[in-house]
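Excluded from the calculations below are hydrogen atoms, water molecules and symmetry mates; all remaining heavy atoms, backbone and side chain alike, are included.
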Amino acid sequence: SALMSAPNDPRIVHALGAPALFLVLIALPLPGVPYPIRGSLGLLIWMSWWWIAQPVHLAVTGFLPLAVLAVFGFLPVGEILGSYAEPLVILLLGANMLAVLWSRWGLDRRIALVSLLGIGTGTRQQILAWFVIATALSAILPNTVVAAAMIPIVVAMLRFIGIEDIGKSAFGSALLIAVAWGTSVGGSGTPMGGAPNLLTVQFLQEQLTHHEFLFTTWLTHVLPLTVLVALVSFGFMRFAFRPEMERVEGSHEYFRGQLQELGKMSVPEKWGLVFFVAATLLAFTRQLYSSLLPGLTPAYAFLGFGILGFAVRHRGTPILTWEYAQPRMVWGLIYLFAGGSALGQILSQTGTAQFLANHLLALAGGGGLVAVAVFVLATVVLTQITSNTAAVAIAVPITISTFQSLHVNPIPMVYIVAAAGNYGLMLPSSSGGPAIAAGYGVDLKRMFGAGLKLTLLILVTLVAGGYWLATFWPAFGAA
């Protein structure tokens, strides 16, 4: 196209610069760095660069491992094929089917409106309430799904009170940012909070424990960190934004009116709610029936209920059709996740994670507070510039191999890094919430500036809280 052929289009620089650097790394005989490690490092740089600059869709970058290994052969392609259909890809697929079923019948809107009817009309109260609702919902739903369900309702409410240009309104931007950040902060609450957590579970199972990781373990280990970060963020949100007005007139009436317009809960909505609650309960009570049904892991529970959505009929028609679901499914997220998983596997199997770990060892000292600070800082920086999933795919394998080399149990540090990987706040590329807020016209300078301050606060909280848990709570090292 004319756009792509323009010589000053920065996307061409990014599209060509990353593979060029990869080729340089492949071709240069660096002393002490074998070919498979050069190839893997090159691929890590190529994928990170494309995920950050986005000359192509995030999902397209997710397919790079397959094409690159096929051509350059520094690991057999067969070794990573499984990453593209692993149980957690199936879990994303199943959860996504149920999310589409919700939006098909307006259940997402109903849930957000019911949540909001409890809020008063003070603008600060509104900002904090939206933040809390987004935080709570994103602990059990993918961040992007929560942001996609809530932000359109915020925008509708803002238009209702006369705020059309959100970027020019301190209150409008603050509300969108509250939802976007809430989805990031709540994301680490449970494994269901999104792809990075599922990817962490995958790494724990495959590289450390070699047995099924129970979702309840996450609740007892990572949830305390999430609650700590949420409390700090809540305190920050209380003072970070100065809305141009003290109160919103008629918000309560607006929500009640919107809810009344939806009418009574329809039969398909009830099915959607029952399916989701049942799948979530099965995921969280896994240990009660794992001996009876060893194959029914959360991934297949969600997929099973997702399939039911297409099979159950209401008044003669299915409550979900493929024609409706297919264009609304987040295929991109699924392949981004798979690519992140494949990259993690390549880094681990070629010994590249170990190679990088050996170089981080000098910084990490003998473990302890400095090591926690180094790894949290690296992960938090990564998750601001690339997606949460990509950040975790890069950080967790390196964390595991570094701490194994120190003969220190890596599990506590994996939990801390996994939590850190969720907190992308500053840029549209940081996470699904900020990306959707940007799409609706949030003031990006405001999001970046306030996001930088909150990120520093979260960094200190995670290092202090994580170090304290790892040092004084022996059970924190179990999975």
Derivation of the side chain to side chain contact (heavy atoms under 4.5 Å, CB included) call for Met426 and Met447: CA-CA 6 Å; Met426 290 156 56; Met447 187 163 82; over 6 Å; no
Under 6.0 Å between ring centres: does that hold for Trp331 and His57? no
May I ask you to decide if the ring planes of His14 and Trp49 are parallel, tilted or perpendicular, using 30° and 60° as cut-offs? perpendicular
Gap between atom CD of Gln345 and atom CG of Leu81 - 0.5 Å precision: 10.0 Å
With the side chain counted from C-beta on, respond yes when Val408 and Met413 share a heavy-atom pair under 4.5 Å apart, and no when they do not. no
At what distance, to the nearest 0.5 angstrom, does CD1 of Ile416 lie from CD1 of Ile411? 12.5 Å
Let me confirm one number: the OG1-CD distance from Thr399 to Gln207, rounded to the nearest 0.5 Å. 10.5 Å
With side chain to side chain donor-acceptor pair (under 3.5 Å) as the test, pick out the partner of Asn197 among Thr190, Asn388, Thr389, Asn422. Asn422
Measure from the side-chain N and O atoms of Arg446 to the backbone N and O of Phe241, and report whether any donor-acceptor pair falls under 3.5 Å. no
Check whether more than 12 heavy atoms from other residues, nucleotides or ligands sit under 6.0 Å from atom OH of Tyr335, and answer yes or no. no
Thr183 backbone acceptor or donor facing Ser138 side chain under 3.5 Å: yes
Does the side chain to side chain contact (heavy atoms under 4.5 Å, CB included) test come out yes or no for Leu158 and Leu176, once each step is laid out? CA-CA 10 Å; Leu158 289 168; Leu176 261 65; 4.0 Å; yes
Could you check if a side-chain atom of Leu208 sits within less than 4.5 angstrom of a side-chain atom of Gln404, using non-hydrogen atoms only? yes
About how many Å separate CZ of Phe276 and CZ of Phe302, when rounded to the nearest 0.5 Å? 5.0 Å
Here's a test for you: under side chain to side chain donor-acceptor pair (under 3.5 Å), which of Tyr423, Trp218, Tyr415 qualifies with Ser188? Tyr423
Geometric class of the Trp50/Trp46 ring pair [parallel <30°, tilted 30-60°, perpendicular >60°]: perpendicular
Side chains of Leu93 and Asn96: does their closest heavy-atom pair fall under 4.5 Å? no
Validation row: Met265, Leu107 side chains within 4.5 angstrom (heavy atoms): yes
Please check if atom CH2 in Trp105 has more than 12 non-hydrogen atoms from other residues, nucleotides or ligands closer than 6.0 Å. yes
Passes side chain to side chain contact (heavy atoms under 4.5 Å, CB included), His221 versus Leu469? Steps please. CA-CA 9 Å; His221 291 70; Leu469 282 170; over 6 Å; no
So Phe131 and Val179, side chain to side chain contact (heavy atoms under 4.5 Å, CB included) or not? Walk me through it. CA-CA 5 Å; Phe131 174 74; Val179 174; over 6 Å; no
Looking at Gln205 and Phe213, would you say the former's side chain and the latter's main chain have a donor-acceptor pair under 3.5 Å? yes
Taking side chain as C-beta onward, heavy atoms only, is Trp181 less than 4.5 Å from Ser233? no
Closest non-hydrogen atoms of Ala418 and Val392, given as atom of the first, atom of the second and distance, are O-CG2, 4.5 Å
Using a 3.5 Å distance criterion without hydrogens, assess whether the side chain of Ser173 forms a donor-acceptor pair with backbone atoms of Ala170. no
What distance separates Leu199 CG from Glu86 CD, expressed to the nearest 0.5 Å? 7.0 Å
Point-to-point distance, once rounded to the nearest 0.5 Å, from CG of Leu459 to OG1 of Thr379: 10.0 Å
For Thr352 and Ser40, which I'm curious about, is there any donor-acceptor pair between the side chains at under 3.5 Å? yes
Are the side chain of Thr383 and the backbone N or O of Val380 linked by a donor-acceptor pair below 3.5 Å? no
Do Pro65 and Ile346 touch side chain to side chain, with heavy atoms closer than 4.5 Å? yes
Quick one: are Pro243 and Ile127 in side-chain contact, heavy atoms under 4.5 Å? yes
Any non-hydrogen side-chain atom of Thr217 less than 4.5 Å from a side-chain atom of Val222? no
